[in-house]
K.L.:
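The structure follows.
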Amino acid sequence: MNALKRTLWGLIVVAVAAVGGWYGLKARKTDPSTPPMASPTRPAETVIELTQSDLLTVEPSRLTRSLPVTGTLMASSQTLVRARVSGDVIDLPVREGMSIKAGQLLARIDPTDFELRVNERAAQLRSAQAQHDQARRTLENNAQLLAKAFISQNAFDNARSAVEVAAATVEGAQAQLAQARKALADTRITAPMSGVIAQRFVQPGEKISPDGRIVSIVDLSRIEVEVGVPASDIASVRIGQTASIRIEGINQPVPARVLRINPTTAAGTRAVTVYLGLDQTDDRLRAGMFAQGTLVIDEREGLLILPLSALRDRGGQRYVYLIENDRIVERVVTPGTIDEAARAPGGLTGAVEIRAGLKAGDRIVRQNLGTLQVGSRVRVTPVR
């Protein structure tokens, strides 16, 4: 009896479930607001999520081509002061690092011997002048005697010749005195230019010979950078082109420009030396410091410039991923100038000029995100 009751209740439950399913199916068919059931054979749509930093809006901008350069700072004016006479150095008031002015005393050589020589030459000059005066008086007397026929013409000519010899002796004595005075003046060695003492080669008390080195002077008011440019790139370098130079120990880059171009290549490297003049001075700059930077060799405005990372290649055909109607599209482009060292829009290194295929306002994927499925819907999320 109990088994029969359980069987009847089971049949009742199955019947109620069947009726409920029929009414539910009918309601789904008649209610238009009820979404249809997903078809197991229909694929889901592909959605690619990109951030704002992954995209770039194409705008006209400037293309700058540049060359990386390295070199050494050097003073535009420097000199090596040498002795003109020999003697003992009795005074050397300057030392390395001292600033000096043109005409300032650098060293003194013992002048005793040179003063005595000046006195000797002065005495010789006085003697020559006395002989000249005597010869001239003799000539005047002989002229009167010749007029009275007391002496011969030959005697008068000899007296006149003696005056000319005496005059030449006076001139020679004057030259020797001037030379002695010049040697005495050379015992005082003065600075030929303003600048800073870079090195001192002698010490007080040492004996120095003519042409011996005393000090070297550099003028740090004008600094140049000597850089080497490969011969393959030197045709693009022109006088007046600008550069940005970063010097060791100084955080801020220093502007510079091309002053001179060496007409020959350096032996061994086959590079051409280019001299860059710094547009501003800094008390921290020193000759011999290492410098590196970029030399701008071409600059044009109003070009469509993309990061080099946005350019894709397939079988020699160049293209970019364009966002059009919120979907990924491949757009074939015609690239122009490519500069791997230039700064592209968006702050990326490496720029390429686009001559055809894009227009201002287009949005592209600015960096290599791998192969993207064309036609995929794009969802842009803000950068977190």
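On a predicted model such as this, the values are computed, not experimentally measured, just so you know.
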K.L.:
Establish, from distance only, whether the side-chain atoms of Gln317 and Arg314 form a donor-acceptor pair under 3.5 Å.
P.N.:
no

K.L.:
Do Leu306 and Leu304 land in one hydrophobic cluster if side-chain heavy atoms of ILVMFWY residues count as linked below 4.5 Å?
P.N.:
yes

K.L.:
Report the hydrophobic cluster partners of Leu139, with the cluster defined as I, L, V, M, F, W, Y residues connected by side-chain heavy atoms closer than 4.5 angstrom, directly or transitively.
P.N.:
Leu145, Leu146, Phe150, Ile151, Phe156, Val163

K.L.:
What verdict does the side-chain contact (heavy atoms from CB on, under 4.5 Å) test give for Leu278 and Leu285, after you've listed the backbone C-alpha separation in whole Å, the side-chain angles of each residue and the deciding distance to 0.1 Å?
P.N.:
CA-CA 11 Å; Leu278 299 184; Leu285 298 181; 3.7 Å; yes

K.L.:
Can you find a heavy atom in the side chain of Arg331 that is under 4.5 Å from one in the side chain of Ile354?
P.N.:
no

K.L.:
Side chains of Glu115 and Asn119: is there a donor and an acceptor less than 3.5 Å apart?
P.N.:
no

K.L.:
Within a strict 4.5 Å, meaning less than it, do heavy atoms of the Pro230 and Leu67 side chains meet?
P.N.:
no

K.L.:
Linking directly or through intermediates, with side-chain heavy atoms under 4.5 Å: list the remaining ILVMFWY members grouped with Val374, chain and number order.
P.N.:
none

K.L.:
Would you call Val227 and Thr273 a side-chain contact if the rule is heavy atoms closer than 4.5 Å?
P.N.:
no

K.L.:
Which heavy atom of Ile245 sits nearest to which heavy atom of Ala291, and what is that distance?
P.N.:
CG2-CB, 3.6 Å

K.L.:
Please enumerate all residues that pass side-chain contact (heavy atoms from CB on, under 4.5 Å) together with Ser152, with sequence neighbours excluded.
P.N.:
Asn154, Ala155

K.L.:
Can you confirm whether Val225 sits close enough to Val254 that some side-chain heavy atom of one is under 4.5 Å from a side-chain heavy atom of the other?
P.N.:
no

K.L.:
Listed by chain and number, what are the side-chain hydrogen bond (donor to acceptor under 3.5 Å, both in side chains) partners of Thr79, not counting sequence neighbours?
P.N.:
none

K.L.:
Identify which one of Ile297, Val296, Val229, Leu295 satisfies the side chain to side chain contact (heavy atoms under 4.5 Å, CB included) criterion when paired with Val258.
P.N.:
Leu295

K.L.:
If a pair satisfies side-chain hydrogen bond (donor to acceptor under 3.5 Å, both in side chains) and one of its residues is in residues 191-216, list it, with sequence neighbours excluded.
P.N.:
Arg200-Gln203

K.L.:
Does a side-chain heavy-atom distance below 4.5 Å link Gln179 with Lys182?
P.N.:
no

K.L.:
Without swapping roles, check the side chain of Thr138 against the backbone of Gln134 for a donor-acceptor pair under 3.5 Å.
P.N.:
yes

K.L.:
Would you say the side chain of Thr242 lies within less than 4.5 Å of the side chain of Pro255, judging by non-hydrogen atoms?
P.N.:
no

K.L.:
Using the side-chain hydrogen bond (donor to acceptor under 3.5 Å, both in side chains) rule, collect all pairs that involve residues 164-175, keeping only residues at least two apart or in two chains.
P.N.:
none

K.L.:
Show the nearest heavy-atom pair for residues Arg355 and Pro335, with the distance to one decimal.
P.N.:
CD-O, 4.4 Å

K.L.:
Salt bridge check: are Arg117 and Asp113 linked by an N-O gap of less than 4.0 Å?
P.N.:
no

K.L.:
Other hydrophobic cluster members with Phe290, side-chain heavy atoms of Ile/Leu/Val/Met/Phe/Trp/Tyr under 4.5 Å, chained?
P.N.:
none

K.L.:
Who are the side-chain hydrogen bond (donor to acceptor under 3.5 Å, both in side chains) partners of Asn142, not counting sequence neighbours?
P.N.:
none

K.L.:
Per the side-chain hydrogen bond (donor to acceptor under 3.5 Å, both in side chains) rule, what does the pair list look like for residues 82-104, sequence neighbours excluded?
P.N.:
none

K.L.:
Does Arg238 reach the main-chain N or O of Ala235 with its side chain, forming a donor-acceptor pair under 3.5 Å?
P.N.:
yes

K.L.:
Taking atom CD of Gln252 as the centre, does the number of heavy atoms from other residues, nucleotides or ligands within less than 6.0 Å exceed 12?
P.N.:
no

K.L.:
How long is the gap from CG on Asp326 to CZ on Arg363, to the nearest 0.5 Å?
P.N.:
7.0 Å

K.L.:
What pairs with Tyr319 under ring pair (Phe, Tyr, Trp, His ring centres under 6.0 Å), at least two apart in sequence or on another chain?
P.N.:
Tyr321

K.L.:
Do Ile323 and Ile364 have side chains that get closer than 4.5 Å, going by heavy atoms?
P.N.:
no

K.L.:
Show which residues join Val47 in its hydrophobic cluster (side-chain heavy-atom contacts under 4.5 Å, direct or indirect), or state none.
P.N.:
none

K.L.:
Okay, side chain of Arg327, backbone of Gly375: is any donor-acceptor separation there less than 3.5 Å?
P.N.:
yes

K.L.:
Linking I/L/V/M/F/W/Y whenever any side-chain heavy atoms sit under 4.5 Å apart, do Ile214 and Met98 land together?
P.N.:
yes

K.L.:
Can you check side-chain contact (heavy atoms from CB on, under 4.5 Å) on Gln129 and His132, steps first, answer last?
P.N.:
CA-CA 5 Å; Gln129 288 175 338; His132 178 263; 5.5 Å; no

K.L.:
As a quick check of understanding, evaluate side-chain contact (heavy atoms from CB on, under 4.5 Å) for Phe201 and Leu80, giving each step before the final call.
P.N.:
CA-CA 10 Å; Phe201 300 100; Leu80 185 61; 3.3 Å; yes

K.L.:
Starting at CG of Asp219, measure out to CD1 of Ile223 and round the result to the nearest 0.5 Å.
P.N.:
8.0 Å

K.L.:
Where is the tightest heavy-atom contact between Glu226 and Met74, given as atom of each residue plus distance?
P.N.:
OE1-SD, 2.9 Å

K.L.:
Is the shortest side-chain heavy-atom distance between Ile234 and Val274 below 4.5 Å?
P.N.:
yes

K.L.:
When you look at CG of Asn325, are more than 12 heavy atoms from neighbouring residues, nucleotides or ligands closer to it than 6.0 Å?
P.N.:
no

K.L.:
Does this structure show an ion pair linking Arg222 with Glu224, if we count only N-O contacts that are shorter than 4.0 Å?
P.N.:
no

K.L.:
Is there a path of hydrophobic side-chain contacts, each under 4.5 Å between heavy atoms of I, L, V, M, F, W or Y residues, that connects Leu322 with Val352?
P.N.:
yes

K.L.:
Would Leu276 and Ile261 show up in the same hydrophobic cluster when neighbours are defined by side-chain heavy atoms closer than 4.5 Å?
P.N.:
yes

K.L.:
Quick one: list whatever passes side-chain contact (heavy atoms from CB on, under 4.5 Å) with Ala122, sequence neighbours left out.
P.N.:
Arg126, Leu177

K.L.:
Would you please test Val365 and Val320 for side-chain contact (heavy atoms from CB on, under 4.5 Å) and show each step?
P.N.:
CA-CA 7 Å; Val365 178; Val320 297; over 6 Å; no

